[in-house]
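Each chain gets a letter, A, B and so on, in the order the sequences are listed, and its residues count up from 1.
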Protein chains: 2
Amino acid sequence: MTPRTWTDRQCPVARTLDLVGDRWVLLIIRDAFDGLTRFSEFQRSLGIAKNILADRLRLLVENGILRRVDTGADSRAHYRLTPRGEDLFTVIVGLRQWGERNAFEADEEHSVLILEQTGEPLPNIDPVRADGGRIVARDTHVQKV
Amino acid sequence: MTPRTWTDRQCPVARTLDLVGDRWVLLIIRDAFDGLTRFSEFQRSLGIAKNILADRLRLLVENGILRRVDTGADSRAHYRLTPRGEDLFTVIVGLRQWGERNAFEADEEHSVLILEQTGEPLPNIDPVRADGGRIVARDTHVQKV
DNA sequence: GGATTCTGGTTGCATATTGCAACCGAACGG
DNA sequence: CCGTTCGGTTGCAATATGCAACCAGAATCC
């Protein structure tokens, strides 16, 4: 899971970006959350060059974010999210909701993430205090180790 | 704010990545949240090549995520987050918390994001239902427009 | 106030990464 | 069987990145 050298040993943001901080990687993970598992499905969905896709899938498997599943019935490759990969759900939702708020004009349509139980769009996620108040950047600071 | 062509017109995740889906860009934004504002501060903090930093700062200003501030007292450039940039706080926190959970060994130290009012680390952020239950990817699906 | 340093870049060139198209063997489909 | 799809690999061209040198204007030193 560990790159030979981290960009910044102490910073969790930098470490995360060393593992998944690449446009294609994050779009592959988005597609994996949408249920895509096959090499060709990712390739068609993203329009990514095949050598780059092969490289990124290999890296994601090496880093424990996807696992390669070879079933008996179908010997071709499937790629599925590991628990560590599933844990990126919050990040993908954060990117999606920021885009919804900041990258579309008011009259533009976009795809929506729906919660099955209610049929409604997911509520916005935000850092909140124990009392429910929203936390903004000004309320925080990074404590270096 | 709009790239000439979006990777995927309908998907908010793809649009967000078109604007900030670059390792350096996200690290610049992280540093901006930590209070850095000067070209030389970003350059020293990140060890990024100066031409690349100049390019990324220009793009971030064009995309309305940073604004260039020239004060009378100090005519040198300062770069500060716009409201749209501040709104990325949730994304940066999500990346940070995923890294804390998944990119460090149990005995490894890392920097910590502290909430001023309590002096304690920020609680984890996650998508939650109205009843407070955590939402996982399986509970959701993307509705295409 | 003159010299020196710092800042915020730009430019040119070498190197690394990406994209594209062709190719390939194994597996499937009819 | 014969053609097609799948999951790649390979070689080459185009693009992006990194590095070092350079530069003008502002600030600092003395």
Side-chain angles (χ1 to χ4, degrees), chain A residues 3-8 14 17-32 34-63 65-81, chain B residues 3-8 14 17-32 34-63 65-81:
Chain A
R4 247 186 316 285
T5 64
W6 297 103
T7 299
D8 180 335
L17 294 175
D18 282 339
L19 296 174
V20 300
D22 172 279
R23 286 173 34 74
W24 289 132
V25 163
L26 285 164
L27 289 172
I28 290 167
I29 292 166
R30 175 203 64 176
D31 278 356
D34 289 352
L36 305 198
T37 65
R38 300 279 290 259
F39 187 95
S40 54
E41 289 177 323
F42 292 114
Q43 217 241 315
R44 260 193 298 277
S45 165
L46 299 173
I48 182 177
K50 294 167 81 174
N51 53 345
I52 305 299
L53 177 57
D55 178 68
R56 296 301 190 277
L57 289 172
R58 187 175 45 72
L59 285 174
L60 284 166
V61 170
E62 275 178 22
N63 291 333
I65 290 161
L66 294 178
R67 66 178 200 282
R68 208 192 142 108
V69 183
D70 297 275
T71 63
D74 181 356
S75 63
R76 293 173 189 164
H78 287 262
Y79 296 91
R80 292 191 185 282
L81 290 161
Chain B
R4 247 187 316 285
T5 64
W6 297 103
T7 299
D8 179 335
L17 294 175
D18 282 340
L19 296 174
V20 300
D22 173 279
R23 287 173 33 74
W24 288 132
V25 163
L26 284 164
L27 289 172
I28 289 167
I29 292 166
R30 174 203 64 176
D31 278 355
D34 289 352
L36 305 198
T37 65
R38 301 280 291 258
F39 187 96
S40 55
E41 290 176 323
F42 292 113
Q43 217 242 317
R44 261 193 298 276
S45 166
L46 299 172
I48 183 178
K50 293 167 81 175
N51 52 345
I52 305 300
L53 177 58
D55 178 68
R56 295 302 188 277
L57 289 173
R58 187 175 45 73
L59 286 174
L60 284 166
V61 170
E62 275 178 21
N63 290 333
I65 291 161
L66 294 179
R67 67 179 199 282
R68 207 192 143 107
V69 184
D70 297 275
T71 64
D74 181 356
S75 63
R76 294 174 191 164
H78 288 261
Y79 296 90
R80 293 194 185 280
L81 290 161

Exercise. Could you run down nucleotides 4-11 of chain D 5' to 3' and tag each one B, S or - for protein heavy-atom contact under 4.0 Å?
Worked result: -BSBBBBB

Exercise. In whole Å, what is the span from the CD1 atom of Ile52(A) to the C1' atom of dG19(C)?
Worked result: 7 Å

Problem set entry | Whole angstrom value for the distance that separates P of dT17(C) from CD1 of Ile48(A) | 15 Å

Seminar exercise, completed: Scanning both residues in full, the closest heavy-atom pair of Leu53(B) with Phe39(B) reads CD2-O, 3.4 Å

For this session: Could you tell me whether the side chain of Asp22(B) and the main chain of Trp24(B) form a donor-acceptor pair under 3.5 Å?
Result: yes

For this session: Go through Leu19(B) and Trp6(B) one step at a time and tell me if the side-chain contact (heavy atoms from CB on, under 4.5 Å) criterion holds.
Result: CA-CA 9 Å; Leu19(B) 296 174; Trp6(B) 297 103; 4.1 Å; yes

Polar atom pairs (N or O), protein with nucleotides 13-15 of chain D, under 3.5 Å:
none

Exercise. Rounded to whole angstrom units, what separation is found between the CG atom of Asp22(A) and the C1' atom of dA16(C)?
Worked result: 14 Å

For this session: Identify the two heavy atoms, one from Ser45(B) and one from Arg30(B), that lie closest to each other, and give their separation to 0.1 Å.
Result: OG-NH2, 4.1 Å

Exercise. Where do Val61(A) and Arg68(A) come nearest, in terms of heavy atoms and distance?
Worked result: CG2-N, 4.3 Å

Problem set entry | Atom pair CG/CG of Asp55(A) and Leu60(A) - distance to nearest 0.5 Å | 9.5 Å

For this session: Give, for atom CG of Leu27(B) and atom CG of Asp8(A), the distance between the pair rounded to the nearest 0.5 Å.
Result: 8.0 Å

For this session: Quick one: label Arg58(A) by what it contacts on the DNA or RNA (base, sugar-phosphate, nothing), any heavy atom closer than 4.0 Å.
Result: nothing

Exercise. Can you tell me how far P of dT7(C) sits from CZ of Phe42(B), to the nearest Å?
Worked result: 14 Å

Exercise. With a 4.0 Å cut-off on heavy atoms, is Arg23(B) in touch with a base, just the backbone sugar-phosphate, or nothing at all?
Worked result: nothing

Exercise. Between Leu46(A) and Arg56(A), is any pair of side-chain heavy atoms under 4.5 Å apart?
Worked result: no

Exercise. When the distance from CD of Gln43(A) to P of dT18(C) is rounded to whole Å, what number comes out?
Worked result: 16 Å

Exercise. Would one find a side-chain N or O of Trp24(B) under 4.0 angstrom from OP1 or OP2 of dA16(D)?
Worked result: no

For this session: Rounded off to whole Å, could you give me the CG-to-C1' distance for the Leu53(B) and dG18(D) pair?
Result: 13 Å

Exercise. Strictly by modelled atom types, are Thr7(A) and Arg23(B) linked by a side-chain donor-acceptor pair under 3.5 Å?
Worked result: yes

